[in-house]
Amino acid sequence: MDALRLVAALMVVAFHYTALKGGWGRSPKEVFPDLEIVTRYGWTGVEVFFLISGFVICMSTWGRTLGDFVVSRVTRIYPAYWVAIFLTAGVVALWPQVRTVKNWDVVLTNLTMLQQGMGVWDVDGVYWTLFAELKFYVLFAVVVATGVTYRKCVLFCGVWTVAAVTAPSVDNEMLSLWAMPLFAPYFIAGIAFYLIHRFKPTALLWGIVIMSLLLALHSVPKRVHDNAEGVIPTWPATLIVFIAFGLMALISTGAFDRVQWRWLATAGALTYPLYLLHQYIGMTIIYALRERVTSGWLVSGLMVVMLGAAYVMHRCVERPLGKRLRSALQKGMEEMRRHSVAPEPAGAARKPVTSALPLMKDARRYEPAEPDRVGAAAKSSDGA
């Protein structure tokens, strides 16, 4: 899973660096006449992210309370995001040749990660996917609030699928905003894949996966049109989606359970900071060096530099800041719970304890909460 996550991130990076005009100042077909034919489909890495997210979020919420879920998500996505905003804004403000920031009010609004809902521009182009993730978290929080179970997850998948297929045919912006018809099939399939992994494959779960795959493939032509200049074939994007679903099927059924290489967990941890940092900062660097370094070496070296920056971000920001934020939020949750208990009415007499019901001899056993991340990194102290 971590390896697939890293591949998806590198696909997006390659798309931004070699298939977009970006910092090159001319068509990428002129700069990379052979490579661009492949990397122009790298945006499908976003679809893979959403597929993985459905799996991981369902896994990480099992046995957890809504408060635990909120703390987990906030401490996972915000620390690196806040630092990335200021880094990106600083770079494009100092060197605005490729992108610029309209004003610092935009930067401050971006700190909420809710800027799209407020009609505010993203500081970096990749942030639009984070808003889609947030909406998924809010929707799935309804399940978490009532206790995550097999039946509730299946019901959630069914209701969301109905909403997603209905949204395009009705004139309701609110439904379209929350149903996310283009991306809902990936989140839903990810949830079904986790149920297959946790329990066992059934016709019901495979039916959800196949339905989601068909709906995802239906949206591929639109996604190709939105991410390409001119008319290009859609079958490569369709093939990538097929492969992603196939790999998730193998992962969920245990085909890769023996693969426990520790470096994969570290590689997976780099994907989020890499994703946050690479686009506008990378394009600005390309613009500055495009006449001094050959295009192939420039892109290769820049990807290595961005991976190094992602590692520094993970070690120096995500882990320490996430740990402190988690501790503070957990204390806040405990304080809220402590003061949310309804006080007994004044003068009310305590009811005597009776033995009308037999006492349980053994305490109930609940399954421990599962970690957020798949692989060895799940055992790290930061809980990321």
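Please read all numbers here as calculations on a predicted model, not as lab measurements.
Side-chain contact check for Tyr150 versus Leu205: some heavy-atom pair is nearer than 4.5 Å. Within the 4.5 Å cutoff, the side chain of Tyr137 has no heavy atoms near those of the Ser72 side chain. Taking the side chain as every heavy atom from C-beta outward, Trp261 and Asp2 never approach each other to under 4.5 Å. Counting heavy atoms from C-beta outward, Leu217 and Phe245 have side chains that stay 4.5 Å or more apart. Side-chain contact between Glu133 and Ile77: absent, with no pair of heavy atoms (C-beta onward) separated by less than 4.5 Å. Residues Ile240 and Met11 are in side-chain contact: their nearest non-hydrogen atoms beyond the backbone lie under 4.5 Å apart. Counting only heavy atoms from C-beta outward, the side chains of Ile232 and Tyr41 approach each other to under 4.5 Å. Residues Phe187 and Lys135 have side chains not in contact (no heavy-atom distance under 4.5 Å, counting atoms from C-beta outward).
Checked by atom type and distance alone, the side chain of Asn172 never pairs as donor or acceptor with a backbone atom of Leu177 at under 3.5 Å. No donor-acceptor pair under 3.5 Å is formed between the side chain of Tyr194 and the backbone N or O of Ser252. For the pair Ser219 (side chain) and Ala216 (backbone), a donor-acceptor distance under 3.5 Å is present. Of the possible donor and acceptor atoms, none in the side chain of Arg40 sits under 3.5 Å from a partner among the backbone N and O of Ala19. For the pair Asp68 (side chain) and Val71 (backbone), a donor-acceptor distance under 3.5 Å is absent. In this structure, Gln115 contributes its side chain and Thr112 its backbone to no donor-acceptor pair below 3.5 Å. At least one donor-acceptor pair under 3.5 Å links the side chain of Gln279 to the backbone N or O of Val126. One N or O on the side chain of Tyr81 and one on the backbone of Asn110 form a donor-acceptor pair closer than 3.5 Å.
Ion pairing between Glu334 and Lys331 fails under the 4.0 Å rule for side-chain N and carboxylate O. Salt-bridge annotation for Asp226 and Arg223: absent, with no side-chain N of the basic residue lying under 4.0 Å from a carboxylate O of the acidic one.
Expressed to the nearest 0.5 Å, how far OG1 of Thr253 lies from CE of Met248 amounts to 10.5 Å. With values rounded to the nearest 0.5 angstrom, Lys222 atom NZ is found 10.0 Å from Asn227 atom CG. Between the CE atom in Met333 and the CZ atom in Arg326 there is a gap of 12.5 Å [rounded to 0.5 Å]. Taking NE2 from His16 and OG1 from Thr39, the interatomic distance works out to 11.0 Å, rounded to the nearest 0.5 Å. In this structure, CE in Met283 is found 12.0 Å from OG1 in Thr88, a value given to the nearest 0.5 Å. Taken from CZ in Arg99 to OH in Tyr287, the straight-line distance is 13.0 Å, to the nearest 0.5 Å.
Between Trp128 and Phe183, a ring centre-to-centre spacing shorter than 6.0 Å is recorded. Ring centroids of Phe49 and Tyr275 are separated by less than 6.0 Å, placing the two rings close together.
In this view, Glu229 satisfies the side chain to side chain contact (heavy atoms under 4.5 Å, CB included) rule with no residue, not counting sequence neighbours. Applying the side chain to side chain donor-acceptor pair (under 3.5 Å) rule to Asp124 yields no partners; only residues at least two apart in sequence or on another chain are considered.
Within a 6.0 Å sphere centred on CH2 of Trp206, heavy atoms belonging to other residues, nucleotides or ligands number more than 12. Around atom CZ of Arg324, no more than 12 heavy atoms belonging to other residues, nucleotides or ligands sit under 6.0 Å away. Residue Met174 places its CE atom among 12 or fewer non-hydrogen atoms of other residues, nucleotides or ligands, all under 6.0 Å distant. Counted within 6.0 Å of CZ on Arg292, heavy atoms from surrounding residues, nucleotides or ligands total 12 or fewer; the atom is thus considered open. Heavy atoms of other residues, nucleotides or ligands lying less than 6.0 angstrom from CD of Glu30 number more than 12. No more than 12 heavy atoms of other residues, nucleotides or ligands shown are found within 6.0 angstrom of NZ on Lys21. Atom CE of Met211 sits in a sparse spot, with 12 or fewer heavy atoms from other residues, nucleotides or ligands closer than 6.0 Å.
Taking the six-membered ring where the residue is Trp, Phe136 and Phe156 present tilted rings, their angle falling between 30° and 60°.
Nearest heavy-atom pair across Cys153 and Cys58 is SG-SG, 3.8 Å. Contact between Gly67 and Arg337 at its shortest, heavy atoms only, is CA-NH2, 4.0 Å. Across all their heavy atoms, Glu318 and Ala269 have their closest contact at OE1-O, 3.8 Å.
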